[in-house]
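Residue numbers start from 1 in every chain, and the chains themselves are labelled A, B, ... in the order their sequence lines are given, proteins ahead of strands. Below, each value reflects all heavy atoms present in this structure, side chains not excepted, and no hydrogens, waters or symmetry copies.
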Number of protein chains: 2
Amino acid sequence: MIISSLATALLASLLALGDGTPEAAAPRPQSAQQLLAASSPSDWRRVSPEDTLYLELDNGRVIIELAPQFAPAHVDNIRKLAREGYWDGLPVYRSHDNYVVEFGDPDGVGGTTRSIGSAKVSLPIEFSRPSAGLEFDLLPDPDGWAPQAGLVSGFPAARESEEGQAWLAHCYGTVGAGRDNPPDSGNGSALYVVIGHAPRHLDRNVTVVGRVLQGMELLSALPRGDGPLGIYRDRAQHVPIRSMLLASTLPEQQRVALEVLKTDSAVFRAVTETRRNRTGEWFHRPAGYIDLCNVSVPVREASPG
Amino acid sequence: MIISSLATALLASLLALGDGTPEAAAPRPQSAQQLLAASSPSDWRRVSPEDTLYLELDNGRVIIELAPQFAPAHVDNIRKLAREGYWDGLPVYRSHDNYVVEFGDPDGVGGTTRSIGSAKVSLPIEFSRPSAGLEFDLLPDPDGWAPQAGLVSGFPAARESEEGQAWLAHCYGTVGAGRDNPPDSGNGSALYVVIGHAPRHLDRNVTVVGRVLQGMELLSALPRGDGPLGIYRDRAQHVPIRSMLLASTLPEQQRVALEVLKTDSAVFRAVTETRRNRTGEWFHRPAGYIDLCNVSVPVREASPG
């Protein structure tokens with residue numbers, strides 16, 4: 001069965017570490033799992049509860065990390081909306097195959113369902129920002145969509161030098177602020193999450209506000225909408241949102257403490273290399289390449305205490 | 001709401017065609033929908049029933065086109081397996097988020113469930129083939145994973161000139177033959193379908209046998225498996241396959257006659273250009289790029305008669 005052998009290979013190389021016969025064969029490169037197991041606590045960054053959203057669905061919790069360094073005005077609005085319970089009881093109303101799910105007020109901003117409270121109705125666009133001042137961890141390979149691609153605090157990002165701009169990229173799990181035709185018509189009350197092959201053509205066309213750190217499968221496996229653009233025709237198909245809260249507003253024991261591997265660490269570079277050139281026993285021909293949206297930035301639950 | 005405006009823009013430009021005021025504004029480039037509406041019957045290729053599989057699930061039919069020009073031995077085996085009803089009653093046993101679903105005998109070839117009948121237990125690998133003799137429709141942009149990327153009969157493909165090889169690429173909807181560690185351990189009885197961001201690192205590591213033309217959402221929205229590699233831990237979660245049949249073995253009135261846009265047509269090149277540089281009213285900054293797995297090769301049901 002495909003890649004079941006990855007697990008076998010991992011197991012084999014883990015066993016090989018302890019078999020006492022290092023001279024038996026050339027040492028296999030360390031697996032991602034081994035590299036992560038050998039990481040030190042300082043290789044990880046604790047996600048701030050002020051930047052963490054819990055989207056609570058009937059079947060579980062989706063955890064989103066916000067990116068205030070790229071979209072400060074949108075993140076500020078989203079924090080207000082979450083604090084005031086804007087999304088509680090609203091639905092996921094769109095599930096567009098190989099593209100996005102979207103949630104918020106199905107009648108749109110100014111629709112019949114709900115006021116946005118103290119949040120702002122309109123915001124400046126935050127499609128990109130100056131790259132100066134950002135720690136940008138460049139990937140080793142070229143990117144087709146942008147002059148440079150890499151990671152900023154674990155978020156997939158791109159940049160160019162002509163205008164000196166950087167922006168967050170649309171990869172699997174990217175969260176953005178839906179908008180209408182006017183570029184500045186989004187305000188963070190309608191959010192979409194990428195569930196398919198990276199729609200990088202959306203980069204710099206819409207404000208990206210964060211990414212999903214945990215629970216993607218609760219969104220990606222939703223039944224697809226049968227209407228145009230994957231919108232559910234029948235409101236009975238809507239997926240109810242129990243609540244969407246900022247983690248900082250919950251008592252500490254109700255939070256999940258997540259950590260993201262630092263993308264300027266040697267561990268991250270080594271893990272990425274295991275994915276650029278896979279050496280598991282299953283693999284026949286390593287790719288020698290990785291694209292931005294194939295990079296996986298490891299996330300873990302912090303050990304208690 | 002995101003991209004709902006695409007529909008609006010389409011509608012607007014369709015209306016603009018008939019409003020009698022061509023001097024009112026510079027003509028908008030034609031949309032993909034307009035280009036397809038203006039295509040001629042000779043721009044389309046009818047899919048052969050000998051190359052068409054119907055995977056029948058409880059909630060609908062998934063239609064797969066086989067690629068005998070790339071994997072003749074595997075396709076031959078798959079046709080035998082389909083004719084002999086190999087998959088009927090077997091399940092989808094794996095649903096791995098952002099990766100693949102896989103179906104066949106959950107106990108593996110030689111497992112307890114089922115004999116493979118007159119099909120061959122082992123086959124030569126068909127990871128690539130000589131590019132000579134293939135009509136390869138090159139895309140305009142560079143590809144990170146391969147020296148050249150393009151389409152062969154509507155299948156996403158890549159090639160290189162050093163060894164003169166071409167191969168099918170792992171994009172959303174690509175169907176491949178699962179295998180174990182030995183490269184030649186696949187025989188087409190276990191099939192996987194890509195449901196996430198393109199895992200192009202699998203290219204030339206496994207035999208690709210076709211692609212899904214219709215019904216992807218029946219596979220991509222399956223609940224994710226909770227075991228390692230997305231395998232359902234509990235067999236009660238298995239998704240039953242009613243049957244998987246070769247279309248040519250069904251009476252004609254039970255078939256769906258599908259047509260694929262020819263990728264050497266001017267219409268296809270123009271449609272792809274509308275996706276490389278989106279000009280709908282929603283778009284702010286066209287990408288000027290498209291990657292192989294963002295290309296969409298149009299598929300339609302042939303008009304009756």
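- In terms of heavy-atom pairs under 4.5 angstrom with chain A, the leader among B/A146, B/G196, B/A198 is B/A198.
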side-chain contact (heavy atoms from CB on, under 4.5 Å) evaluation trace for B/L218 with A/R224 | CA-CA 9 Å; B/L218 302 175; A/R224 303 321 189 211; over 6 Å; no
For A/H201 and B/F283, what are the C-alpha separation, side-chain angles and deciding distance, and is it a side-chain contact (heavy atoms from CB on, under 4.5 Å)?
-> CA-CA 9 Å; A/H201 59 277; B/F283 279 91; 3.9 Å; yes
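- Among all heavy-atom pairs drawn from B/A221 and A/P223, the shortest one is CB-CA, 4.2 Å.
- For the set B/G104, B/C293, B/S95, B/P183, the count of heavy-atom pairs under 4.5 angstrom toward chain A peaks at B/C293.
- Counted by atom type alone, A/D97 and B/Y172 present one or more donor-acceptor pairs between their side chains at under 3.5 Å.
- Residues B/W282 and A/R179 have side chains in contact (heavy-atom distance under 4.5 Å, counting atoms from C-beta outward).
- The choice from B/R204, B/H96, B/R200, B/E217 that makes the most heavy-atom pairs within less than 4.5 Å of chain A is B/R204.
- Contacts between A/D291 and chain B at a heavy-atom distance below 4.5 Å involve backbone atoms as well as side-chain atoms.
- For the pair B/W145 and A/A287, the tightest heavy-atom approach, listed with the atom from each and the gap, is CZ3-CB, 3.7 Å.
- A/N205 and B/H284 make their closest contact through OD1-N, 2.7 Å (heavy atoms, listed as atom of the first residue, atom of the second, distance).
- Looking at B/N98, the atoms closer than 4.5 Å to chain A (heavy atoms on both sides) sit in the backbone and in the side chain alike.
- For B/P199, the part lying under 4.5 angstrom from a heavy atom of chain A is the backbone only.
- Counting only heavy atoms from C-beta outward, the side chains of B/N294 and A/H197 approach each other to under 4.5 Å.
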